Amino acid sequence: MSLVVRYFASLQDLVGRPEDELAYTAPLTVREVWLRANPSLSIPPNTLAAVNMDYVGFDGSVNDGDEVAFFPPVTGG
Amino acid sequence: MSLVVRYFASLQDLVGRPEDELAYTAPLTVREVWLRANPSLSIPPNTLAAVNMDYVGFDGSVNDGDEVAFFPPVTGG
Amino acid sequence: MAVIISPAAFDPYQALQDHQHAHLAQLGSVGAAAIFIGTMRDFNDGATVKGMTLDYYPGMTEKQLGLCVQQAQQQWAIIDSLIVHRVGDILPLDPIVLVAVWSAHRGDAFDACRFIMETLKSTAPFWKRERLASDELRWVEHNSKGYGAV
Amino acid sequence: MAVIISPAAFDPYQALQDHQHAHLAQLGSVGAAAIFIGTMRDFNDGATVKGMTLDYYPGMTEKQLGLCVQQAQQQWAIIDSLIVHRVGDILPLDPIVLVAVWSAHRGDAFDACRFIMETLKSTAPFWKRERLASDELRWVEHNSKGYGAV
């Protein structure tokens, strides 16, 4: 199974890349997706997460083919 | 001493004229101004009063040369 | 802080553009504008309305509108404001009133715009007389609270 | 219920005029429009700002803006709405965001416009990066509550 993991704004600067392709076998939570993709980097405070463009908590689970995104607080408007 | 008394909107229709000139000698309240100008007509409910274009209560007093106005609830906007 | 009472039909977006160009074009401190436009509907209080005449009290209307703005300025940080209000004969779909408030921040703009609009509706001496489909004339007796359901 | 995300500068009054002419020109049921325009200031958080880049998440941004409108429709009687939001490179005094709500009654228009604006600010994935007078780039870290004093 595989996921796309995307990073936006200051979080993209922090991880140093816009996205990852992540292959996995056992079910993962959103938090575990981050840990797999960034094993040496803890999740910055106030980070938001989305799965398939809907907001989710870090304990939410992901499915094969999902797009998981991490980004800082939004500042539009 | 004298006053101008003005009527607007449905109140102008009711009294049948746009304004009165009122001569008087002793101090008057706004309510007494109405009674002098319209002795046979009680003040319709919800009538508003202004003296010199500021809202006043019916117990407010008037001075020589004042413009007193009576009108129904406002419906602008 | 302009107040315009006008017997002529007006395009609110044109009025806003003109005011902005004349007074706010170089103002980098403006972060927010909150605007309200009231338009004549073709239906009111259970009847089709063909037209409307808006009476006012020249002098007092301007004074009360000025007070609305002053009271708003005492409560919120306003950079500029514009009020335009039609009087005279009005047709359905015509704009009746425009209230705009410019501020550094959105909270001030939103609150002040709404305050001015509500205060205008309860204190500015305007009176509407509707011409119904039957050609009957009817004074509008009071303003609504502003919600469809109330 | 239009949502436009645009890398091009826009005139909010022109956008309103165009939308009104295209969608609302014959609609006698509209009694109220509440509009908010957010503009780029030349000063923020203690520093002069020369410019700004607005990033977004294509797809999610549109989805979340659609949800803002849907949630507003569930709470208030909305006839139509328009959201325009800039992305990309922005200069001081440029309009950033436009939110407009048309309704029969003013309470619905005011409440829904403000709700959409606040919900947009807290949920729509846009991120501002400011270019300061020193040419330093700085991510804006969070949105304010919208009042000058807070």
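We name chains A, B, ... by the order of the sequence lines, and we start the count at 1 in each one. This structure is a prediction, so every number in the text was calculated from the model and none was measured. Keep in mind that the numbers below use all heavy atoms, side chains included, and drop hydrogens, waters and symmetry copies.
Closest non-hydrogen pair, C:Gln64 versus B:Met53, comes out as NE2-O, 3.0 Å. When all heavy atoms are compared, the tightest approach of B:Thr75 to C:Trp127 is OG1-CA, 3.3 Å.
Other residues, nucleotides and ligands contribute at most 12 non-hydrogen atoms within 6.0 Å of the CD atom of C:Glu141.
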Task: Residue pair C:Met60, B:Phe8: steps toward the side-chain contact (heavy atoms from CB on, under 4.5 Å) verdict - done: CA-CA 12 Å; C:Met60 180 164 177; B:Phe8 290 92; over 6 Å; no
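Your options are C:Lys128, C:Glu62, C:Arg129, C:Met117, and the one with the most heavy-atom pairs under 4.5 Å with chain B is C:Lys128. Looking only at heavy-atom pairs under 4.5 Å with chain B, the residue among C:Val99, C:Asp55, C:Val140 that has the most is C:Val140.
For C:Thr123, the parts sitting under 4.5 Å from any heavy atom of chain B are the backbone and the side chain alike. Using a 4.5 Å cut-off between heavy atoms, C:Lys63 contacts chain B through its side chain alone, with no backbone atom that close. With a 4.5 angstrom heavy-atom cutoff, B:Asn52 touches chain C only via backbone atoms. Looking at C:Arg86, neither its backbone nor its side chain comes within 4.5 Å of chain B, counting heavy atoms on both sides. Heavy-atom distances place no part of C:Phe36 under 4.5 Å from chain B, backbone and side chain included.
Taking the six-membered ring where tryptophan is involved, the planes of B:Phe71 and C:Tyr57 are perpendicular, since the angle between them exceeds 60° and thus also 30°.
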